[in-house]
**Student:** 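Submitted below is the structure of interest, expressed as C-alpha cells.
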Number of protein chains: 2
Amino acid sequence: MSSRRRSADQPSRATITDVAREAGVHASTVSRALNPATRGMVTEAVAARVAEVAERLGWRPSTLAAGLRTRRSRSIGILVPDLVNPVFPPIVRAAEERLAEAGYVTFVANTDTDPTREAMIVERMAAHLVDGLMLASATETSRALQICERFGIPTVLVNRRQPGSRHGTVVHDDLRGMALVIAHLHGLGHRRIAHLAGPPGVSTASDRLRGFRAALTAHGLDAEAAPVVIAAAYSREAGRRAMEALLERGGFTAVASANDMLCLGIYDALEAAGLAVGRDISVTGFNDMPFVDRIHPPLTTVRIQHAEMGRCAADLLLAELVSGGQGEREIVLQPELVVRSSTAPPARS
Amino acid sequence: MSSRRRSADQPSRATITDVAREAGVHASTVSRALNPATRGMVTEAVAARVAEVAERLGWRPSTLAAGLRTRRSRSIGILVPDLVNPVFPPIVRAAEERLAEAGYVTFVANTDTDPTREAMIVERMAAHLVDGLMLASATETSRALQICERFGIPTVLVNRRQPGSRHGTVVHDDLRGMALVIAHLHGLGHRRIAHLAGPPGVSTASDRLRGFRAALTAHGLDAEAAPVVIAAAYSREAGRRAMEALLERGGFTAVASANDMLCLGIYDALEAAGLAVGRDISVTGFNDMPFVDRIHPPLTTVRIQHAEMGRCAADLLLAELVSGGQGEREIVLQPELVVRSSTAPPARS
DNA sequence: TTGTACGCGTTATCAG
DNA sequence: CTGATAACGCGTACAA
C-alpha cells in the first residue's frame, strides 16, 4: 500500500491548535499573538510564550487555511509569453525582488502568446487566490483581462499595453524609440528602410510599426512605400522567415526590426543569403536584450529599462493592493539608442 | 472606505453549495459528480444535471479549499538559481509542459544561489502545499533538501546532483563532456590548457573540474600544473574577473570554461586585453545555451539536452507522485561536443 | 485581554 | 447511489 508520506510517518507540521495546547491558551489567542497585525491585542507575556512555543514546534502559517478565510494568499502571479525570450527574465526578477520585499511570493508561468492558455492560467492563478496579477503577456484582445476583472483581481500590464484598458501599465515610449532608430539610419544616409514587424495583436509590435511610419514621414520619406513584413512571433525562427520574405521583395538598404529576438533570425537569413550585416544591410533591434552586445556584429538597438519596468510594475501593483484600486496609471519609460556595429552607411552599389 | 472589490460588488464565484441548491441535490453529491475520480459513484442523470448547473453558474473548484482537506494542490514548484541565465528557461519550459499535461500548474522562483533564500522559498512553497518540487538550484550543501524531506515533499533534482542524495536526479555526464573538450583541444595541438571553474558547492562546477583534471591526465598532461581559477558565480561578470586573474597568471593557450555564461566574461576580458578569441587563445564553453552560436566568434561548447532534461525530471517527479516515493533514480544524459570558431590550433609565438 | 463560536469550500466517512 | 456530518487550519465578530 502506498501510504502518503506526508500524513503517516512524517511529523505532520504543527497547527495553531498544537501551539495553543502547548502554550496553555486558546487557539484564537495564538492566532492573535502570531499575527503581527493583531499582536497588540495580547499581553506581552502571552505573546512571548506563544512565540516561543510556536518556534519550538516549528509552526508555520498555512497560507491555504488563512486564504480560505481572508481570500488572500500573499502571492502574485506573473504571466510572460515565453521565458526563453531573454527580455523577460530581467523584468520578472526585478518585479519578484520588489514584491518579495513586500512579503509576496511570485509564481511565474508561460502563456506562449496563446489566449486560451493564458485564460486557463489566469483561472488557475485565481483558484490559488493570487492577490494580484502581472501580465507581460497581454495581447490587444486578451480575454485574460476580463477574467481578472470578473474575479476582481488587481492586475497590471508590463511591457504591453491594452488600448482603452483601465489597468495600471508600464511600457516604454516605443514611438520615440523608433524615431531614434530612424533618425540614426537617416543620419547614416539610408533612405530606403524596411521594417520587420512583430506579431499581430501585440502592442509593442503595433506601436513600433506606427512609430516606424511616423518617423519615416517626419524625415520626408514615403511611409506607404516602405517594405514591411510581419513576423509570426517574436522568435528567432519567425525572424528568419520574415527576413527571407523581405529579401525576396528587396528595395531597402536597412531594416529596422521590432525586437532583438527577430534580429537573430535576420542575421541567420542574411548569412544564408551571403550578405554581411552592417556592410551590405544595416540592421537595428529593439530591447537591448542580454548578450546582443556580443553577437556578431554587435547589434545597434534601442535599450529599454528592463529592471526598472519590473520594479515600477511591482510598485503599481502593490499600491493597488493597499489602496484598493487606485493604481490605474500608465507609466511610460524612456528608451535610449545604443549604437553598435550592425549599422553603417548604405553600400554604394 | 476601501471595500475589497472581491467581496462586495463582485458576484463572488459560485461554490459547490450554490450548485447543490440549484441542482436540488446535496453538496457531497455535487462534489462526487464534478470530481472525475468519483464520478462513477453517481447516477449518469445526476452527474449530467450537476455538470450543467455548474457550467451555468460558472463554478470553478477552489484549489485551496480542496487542498485544505486533501493536502494536495495539483501544483509543482520549480526552483532555479537565476532565470536570467539562459540555460534554465528551456529546462523549465519543457518541464512545465510535461507537468501541465498531467494537470499540474508550476510555480517558478529564483534562489540566487542563496541557501537562506532557497530555504525560505521551499517553506513558502510547502505552505502553498505544492505536491512536488523540482530543484535546479540545489547546492551540495543545500538545507532545502532536508526541509523537503521533513515536509515529505517529493523532490527531484535537475542539472544538479547532490552526492549521496536519495532523490531522483537528472544530470549530464559532465566528466565525459569535459573529456570531449580536452580531446578536441589536445587534437588541435594545445598542451597548456587552463580551466575556469564554476562556483564552489555547485555540482556541475566540481564535476567539470574533476573531468578536466581526469581528461588532462588521460592525455598525459600534468593535471596538477594546469592553471585553474574559480569563478565566484555562473555570471558574465564573475567570468570576466576570473579570466583577468587567469591572464595575470598566464601559461596557457586554451581555456576550458565550466559554462557558457562565464565565456561571455572571458570574451570581455580577452577583448580588453587585446587578445583574439580563437587565434590567440582558444575558448570552450559548456551547455550550448541559446545564442552562443551567434556570438563572435561562435562558441565551441558542449551541448546538453535542455528540454530533455526538463521532461525527464518532470516524468521522474510524476512517477514519484503516483507511486509514492519510488523514483529514486539518477538519469544521466549524454552531452555532445559542438565545434565552432572559438577554438583553433595554438598560436606559434 | 481572552475565550467562544462560526465560517471559508471542499472532501472523507458514515449511515441510510 | 445519496444525504448528513465532521473535519481541514485559520481568522474574526462577539461575548465574557
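Below, chain A is the first sequence line, B the second, and so on; all start at residue 1.
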**Student:** Where each residue is assigned the nucleotide of DNA chain D containing its nearest heavy atom, which of A:Met41 and A:Thr17 is assigned the position nearer the 5′ end?
**Tutor:**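 That would be A:Thr17.
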**Student:** Among D:dC1, D:dG3, C:dT2, which is the nearest nucleotide to the side chain of B:Thr43?
**Tutor:**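 It is D:dC1.
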**Student:** Give the rounded distance in Å between these two atoms: CG of B:Asn35 and P of C:dG9.
**Tutor:** 18 Å
**Student:** Starting from P on D:dG9, measure out to CZ on B:Arg72 and report it in whole angstrom.
**Tutor:** 14 Å
**Student:** Any N or O donor-acceptor pair linking the side chain of A:Arg71 to the base of C:dG9 at under 3.5 Å?
**Tutor:** no
**Student:** Can you see if the side chain of A:Thr29 gets near the phosphate of C:dG3 - specifically, an N or O under 4.0 Å from OP1 or OP2?
**Tutor:** yes
**Student:** Between the side chains of A:Arg98 and A:Glu308, is the shortest nitrogen-to-carboxylate-oxygen separation below 4.0 Å, so that they form an ion pair?
**Tutor:** no
**Student:** Does the distance from a Lys or Arg side-chain N to an Asp or Glu carboxylate O, for B:Asp315 and B:Arg329, drop under 4.0 Å?
**Tutor:**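 Answer for the salt bridge query: no.
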**Student:** For A:Leu68 and C:dT10, what is the distance between atoms CG and P respectively, to the nearest whole Å?
**Tutor:**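 Result: 9 Å.
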**Student:** Between B:Ala27 and A:Thr38, name the one whose nearest nucleotide on DNA chain D is closer to the 5' end.
**Tutor:**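 Result of the comparison: B:Ala27.
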**Student:** Where the side chain of B:Thr15 is defined as all heavy atoms beyond and including C-beta, which of D:dG9, C:dG9, C:dT2 is the nearest nucleotide?
**Tutor:** C:dG9
**Student:** Give the rounded distance in Å between these two atoms: CG of B:Leu129 and P of D:dC8.
**Tutor:** 14 Å
**Student:** For the pair made of CG in A:Asp18 and C1' in D:dC10, what is the distance, rounded to whole Å?
**Tutor:** 13 Å
**Student:** Is a side-chain donor-acceptor pair under 3.5 Å present for A:Ser31 with A:Ser28?
**Tutor:** no
**Student:** Got a donor-acceptor pair under 3.5 Å from the side chain of B:Ser31 to the base of C:dA12?
**Tutor:**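 Side chain to base: no pair below 3.5 Å.
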**Student:** Give a yes or no answer on whether the side chain of A:Arg74 reaches the backbone of A:Ala102 with a donor-acceptor pair at less than 3.5 Å.
**Tutor:**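 Yes, because the side chain of A:Arg74 sits within donor-acceptor range (under 3.5 Å) of the backbone of A:Ala102.
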**Student:** Could you say whether B:Pro61 or B:Arg32 is positioned toward the 5' end of DNA chain C, judged by the nucleotide with the nearest heavy atom to each?
**Tutor:**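 The 5'-side residue here is B:Pro61.
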**Student:** What heavy-atom pair brings B:Ala127 and A:Leu64 nearest, and what distance separates the two atoms?
**Tutor:**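 Taking every non-hydrogen atom into account, O-CD1, 3.5 Å.
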**Student:** Could you please name the option among C:dA12, D:dT12, D:dG9 that lies closest to any side-chain atom of B:Thr70?
**Tutor:**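 Among the listed nucleotides, the one closest to the side chain of B:Thr70 is C:dA12.
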**Student:** Contact between B:Arg160 and B:Ser137 at the side-chain level, heavy atoms closer than 4.5 Å - yes or no?
**Tutor:** no
**Student:** With the side chain of B:Trp59 defined as its heavy atoms from C-beta on, choose the nearest nucleotide among C:dT10, D:dG9, C:dT1.
**Tutor:**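 Minimum distance to the B:Trp59 side chain belongs to C:dT10.
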**Student:** Please confirm whether any donor atom in the side chain of B:Arg69 sits under 3.5 Å from an acceptor in the base of D:dA7, or the reverse.
**Tutor:** yes
**Student:** Rounded to the Å, how far apart are A:Ile16 CD1 and C:dG7 P?
**Tutor:** 19 Å
**Student:** Counting only side-chain N and O atoms of B:His26, is one of them less than 4.0 Å from OP1 or OP2 of D:dA4?
**Tutor:** yes
**Student:** Can you check the B:Arg39 CZ to D:dT2 C1' distance for me, whole Å?
**Tutor:** 17 Å
**Student:** Between the side-chain atoms of A:Ser28 and the base atoms of C:dT4, is any donor-acceptor pair under 3.5 Å?
**Tutor:** yes
**Student:** How close or far is atom P of D:dC10 from atom CG of A:Leu34, stated in whole angstroms?
**Tutor:**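 It works out to 9 Å between those atoms.
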